[in-house]
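Beneath this line is the structure, given in structure tokens, with notes to follow.
Naming: A, B, ... by sequence-line order, numbering from 1 per chain. Note that the coordinates shown come from a computational prediction; the quantities given were computed from them, not determined experimentally.
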Amino acid sequence: MSVPFALLGLLEREPSYGYELKQEYDSHLGRGRPVQFGQVYQTLGRLARDGKVSVGVAEPGAGPNRKRYSITSLGVGEFERWLATPVAPEPHLQTELFMKVVLAILVGRSAQKYLDLQRSAHLKRIRELTAGKRSASLIDRLLADHALFRVEADLRWIDLTEARLDTLAQELHR
Amino acid sequence: MTDHSPTPPAGPAAHLLVAHDVYKSFGPTTALCGASFAIDAGEVVAIMGPSGSGKSTLLHCLAGILRPDRGQTWFAGQRTDELRDGARTELRRRAFGFVFQFGQLVPELSAEENVALPLLLNGSKPAAALQAAREWLQRLGLEGMGQRRSGELSGGQAQRVALGRGLITKPRVLFADEPTGSLDSLTGEHVMQLLTDSARAEGTAVVLVTHEPRVAGYADREVMVRDGRVSSTDLELATP
Ligand SMILES: Nc1ncnc2c1ncn2[C@@H]1O[C@H](COP(=O)(O)OP(=O)(O)O)[C@@H](O)[C@H]1O
Ligand SMILES: [Mg+2]
């Protein structure tokens, strides 16, 4: 989960309040999936317990959530380490895609037909993402590009697998 | 040219541009064997498929650059495979525009003159043609570059000049064969955005040959060419 790191990063910029952090997260990082208030406060609580953020005193007259959070040097170190660690390059091969091809061949159905359908579904997604980029903000375009390249990677795999279907069938039926 | 293929029942005249059961060989190489394709006015359709599958040959047959060995091609309700060479050249000049991968600008001419060229060939007055060319250059974000030769333009700029030249006659169909093939992602994206925006604004249909999914993403739909045949999930249009 990257929510704790997102909060540390936002706090490294400047000290902030829980509800502000939620707003910043939702508008820049949430990708249309807002983080729950509960999760924000729970995470802040855990970070405070571990000494990665410090909690200011509640402002007088404010609600119970008017606590200002700041990052500690321990927190900064944690955030920097996270940022400097590349994400494991997961093989993005969708297991289901792969399973369908192999199963189709094993049970003697048309893997080609399945790949054609899959390709056209993927291309439809590419069209949608491309259309969505037109009026989007730069942040949303970046996200759309990321999705586009991933869908494209699947399509390459689909093309290559199609070109190898005969050989694959021979190997599976040996 | 004798033609043994039956006239398609639904009527190719129902579509703007049609290839019906087209065959084309180059010596021993069969490039197309029974390819069918249709596009309607204003549509943007991507022709995809592996390299060597016959995409460019199909585009050349649709555009009247190549004559099919067998089968029919139609444009605006008329057979085009039966036209004499002169009439097909005339049709291409009046109704079609072209954007290719590279090497299409005349190096001796300025950007402005390159864009104006199709109008000049069609007999427009030079002053009017150059004025129209300047308007296109502006529209494509190339104002101030009208005097440059193709050697003084970046790949993306040259491709935008080619786009202006392809669209300046307000063609019914723009044929684009790998129009971003030599460009990087960001530049290619810009060219595709301009290409589809301009074509849609003019009501020009686009036959877009590409093997790149992200380029095909700018189309309304796609067809796949495989071993000289077209397969499509849009069966209605694929079989006229
Ligand atoms: N002018 C030509 N002379 C000889 N062979 C050709 C010619 N044009 C195309 N071909 C052959 O026809 C087949 C289809 O080519 P093409 O339509 O260019 O494929 P694509 O555009 O899908 O890569 C290929 O095998 C190619 O080598
Ligand atoms: Mg080609």
For M224(B) and R119(A), run side chain to side chain contact (heavy atoms under 4.5 Å, CB included): C-alpha distance rounded to whole Å, both residues' side-chain angles, the deciding distance at 0.1 Å, then the answer. CA-CA 10 Å; M224(B) 291 289 302; R119(A) 175 186 292 107; 3.6 Å; yes

Does D227(B) CG have over 12 foreign heavy atoms under 6.0 Å away? no

Per-residue contact mode, D220(B) against chain A (heavy atom under 4.5 angstrom): backbone

What part of K133(A) gets closer than 4.5 Å to chain B, counting heavy atoms only: side chain, backbone, both or neither? side chain

Between E189(B) and chain A, with a heavy-atom cut-off of 4.5 Å, which part of the residue counts as in contact: side chain, backbone, both or neither? side chain

Check the pair R214(B) / D145(A) against salt bridge (charged side-chain N to carboxylate O under 4.0 Å, His left out), numbers first and verdict last. CA-CA 10 Å; R214(B) 274 177 303 120; D145(A) 281 332; over 6 Å; no

Are E222(B) and R127(A) close enough that some pair of their side-chain heavy atoms sits under 4.5 Å apart? yes

If you define the side chain from C-beta out and look only at heavy atoms, does anything of R226(B) sit under 4.5 Å from D116(A)? yes

Against chain A, label M192(B) side chain, backbone, both or neither, depending on which of its atoms sit under 4.5 Å from a heavy atom there. neither

Leading residue by heavy atom contact count with chain A [cutoff under 4.5 Å; candidates A46(B), G217(B), A216(B)]: G217(B)

Would you call V151(A) and P213(B) a side-chain contact if the rule is heavy atoms closer than 4.5 Å? no

Specify which of R125(A), K124(A), R134(A) makes the most heavy-atom pairs with chain B at under 4.5 Å. R134(A)

Let me confirm one number: the NE2-CZ distance from H211(B) to R156(A), rounded to the nearest 0.5 Å. 8.0 Å

If you count the non-hydrogen atoms of other residues, nucleotides and ligands that lie under 6.0 Å from CG in D166(A), is the total more than 12? no

Winner by heavy-atom pair count (cut-off under 4.5 Å) against chain B, out of D159(A), L148(A), L123(A), L129(A): L123(A)

Contacting moiety of E162(A), where chain B heavy atoms sit under 4.5 Å: side chain

